[in-house]
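Just below is one structure, and these are the notes that go with it.
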2 protein chains.
Amino acid sequence: MVKIKEIEKSTEIKILEAAKQEFLERGFDGARMQKIAERAGINKALLHYYFRSKENLFKAIFQSVFENFFPKVVKTFQSEISFFDKLKFFIDNYIDVLSKNPFLPAFILHEIQLRPEMLINSMKEQGFNPSVFLNMFKREMENGVICNMRVEHLVVNILSMCIFPVAAAPIIKGMIFKNDDIEYQQFLEERKIIVYEFVVNSIKK
Amino acid sequence: MVKIKEIEKSTEIKILEAAKQEFLERGFDGARMQKIAERAGINKALLHYYFRSKENLFKAIFQSVFENFFPKVVKTFQSEISFFDKLKFFIDNYIDVLSKNPFLPAFILHEIQLRPEMLINSMKEQGFNPSVFLNMFKREMENGVICNMRVEHLVVNILSMCIFPVAAAPIIKGMIFKNDDIEYQQFLEERKIIVYEFVVNSIKK
DNA sequence: GTCTATATTGTGATAGAC
DNA sequence: GTCTATCACAATATAGAC
């Protein structure tokens with residue numbers, strides 16, 4: 001059953017990778033089937049042979065990409081390390097994922113505006129459940145480890161400080177770092193510690 | 001020189017308002033000249049009579065809209081009230097502006113990705129200078145009012161916690177508030193206090 | 001200035017040979 | 001499965017009457 005030739009990627013994979021790039025960079029409305037075909041090294045007709053329509057192709061991409069926007073952290077948070085270590089681990093990994101997918105945040109935030117139903121679908125499809133995240137913080141509050149506040153705000157604060165700096169990368173690069181990519185990357189790297197400390201200072205008793 | 005009839009808006013104004021809505025909601029690629037004409041109560045040809053091309057119209061909109069994304073706070077920060085009052089005032093106003101322009105953050109973040117040159121133009125056009133903001137915090141650190149840290153991170157943290165929750169509104173509404181608009185609006189309102197306290201707890205000595 | 005009609009180009013999608 | 005050629009329509013843009 002296992003294919004012998006793995007050197008050449010299957011056409012479907014090539015299409016998916018090309019489509020992912022194109023959609024992430026330009027959004028659904030800005031993406032062009034022609035460009036996707038070129039990126040995949042094939043022609044337009046073949047795209048339709050595999051996925052029938054642009055919309056279909058987009059849906060396939062959106063779902064696979066969405067799970068990276070809110071990372072799967074369930075395992076992390078079930079482990080035995082301390083609350084603060086979990087938090088540190090989460091922020092580290094999340095900033096890492098996003099710096100490697102610089103278009104991801106702005107893409108999701110844009111597409112979501114006029115197609116909120118896709119959000120619902122993706123959540124169901126992947127059994128995504130935000131309350132795992134929320135509950136962890138609730139538990140720590142009840143145990144008196146961190147001070148009391150509405151968990152929704154705390155979680156939104158943390159996500160904000162991880163996601164926004166990547167979504168706004170061109171602005172930050174342009175306004176603060178004179179478009180120097182390396183300085184910006186270093187800035188993101190620093191944020192792993194900064195955000196953690198900022199949060200801890202604010203919530204520890 | 002002053003026009004007598006002010007009851008009926010001038011055609012140009014009607015176009016600009018219609019275009020602003022359409023572009024903000026759908027982005028440049030998703031916006032349709034036909035829809036803009038409809039929203040303005042005129043026809044397509046007239047759009048081109050006034051602005052020659054979609055691109056031109058977009059540029060006019062983008063610049064007028066961009067200044068709301070990073071608010072003009074210079075005056076506020078030159079006033080005589082205490083640092084913490086300035087901070088409170090800023091966060092209050094900013095969250096207010098954004099809740100009244102819910103499409104603004106995602107629009108800017110999206111358009112910026114592939115057209116960073118527009119950013120540069122808008123900044124120049126409006127004489128926008130981020131260092132006013134940065135310097136205010138620097139001064140407070142030197143005076144020992146708040147603890148030392150790289151100001152860029154502090155500013156980005158504050159902006160993140162104000163902007164992201166609006167950019168991600170459909171997600172937050174869907175995941176936390178079961179799409180209840182009123183609960184979400186109340187959440188934003190709460191954030192005026194929450195964000196302020198979160199920041200202060202983290203930076204005060 | 002404003003309209004109707006039309007040109008022109010771009011783009012998603014299909015037909016059909018190989 | 002993959003290609004070339006082509007369709008059909010959507011969208012920007014212009015011509016020209018009023």
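- For DNA chain C, the residues of residues 32-52 of chain B within the heavy-atom distance limit of 4.0 Å (strictly under) are B/I42, B/N43, B/A45, B/L46, B/Y49, B/Y50, sorted by number.
- Looking at residues two or more places apart in sequence or on another chain, you find a side chain to side chain donor-acceptor pair (under 3.5 Å) between A/K14 and A/E8.
- The side chain of A/T11 places no N or O atom within less than 4.0 Å of a non-bridging phosphate oxygen (OP1 or OP2) of D/dG1.
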Practice item. Take B/K59 and B/Q63, measure what side-chain contact (heavy atoms from CB on, under 4.5 Å) needs, and give me the verdict at the end. Key: CA-CA 6 Å; B/K59 280 179 188 162; B/Q63 297 213 342; 5.6 Å; no

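- Near DNA chain C, defined here as any heavy-atom distance below 4.0 Å, there are no residues from residues 13-30 of chain B.
- Remark: aromatic rings of A/H153 and B/F187 are close, center separation under 6.0 Å.
- With sequence neighbours excluded, no residue forms a salt bridge (Lys or Arg N to Asp or Glu O under 4.0 Å) with A/E38.
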Review point. Does the side-chain contact (heavy atoms from CB on, under 4.5 Å) test come out yes or no for B/L119 and B/F66, once each step is laid out?
Key: CA-CA 8 Å; B/L119 211 175; B/F66 181 76; 3.9 Å; yes

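- Proximity of the aromatic rings of B/F107 and B/F23 is defined here by a centroid distance below 6.0 angstrom, and this criterion is not met.
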Study note, to complete from the structure: Applying the Watson-Crick and G-U criteria (both distances under 3.5 angstrom) with [ ] for crossing and | for other-strand pairs, one obtains for DNA chain D ||||||||||||||||||

Exercise for review: Could you walk me through whether A/F133 and A/F90 pass the ring-ring contact (aromatic ring centres under 6.0 Å, His included) test, one step at a time?
Suggested key: CA-CA 11 Å; A/F133 209 64; A/F90 171 80; 5.0 Å; yes

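- Under 4.0 Å is where a charged nitrogen must lie from a carboxylate oxygen, and between A/R26 and B/D29 no such pair does.
- Between B/F58 and B/F62, the two ring planes are tilted [angle within 30° to 60°].
- The salt bridge (Lys or Arg N to Asp or Glu O under 4.0 Å) test applied to A/R39 returns A/E22, A/E25, not counting sequence neighbours.
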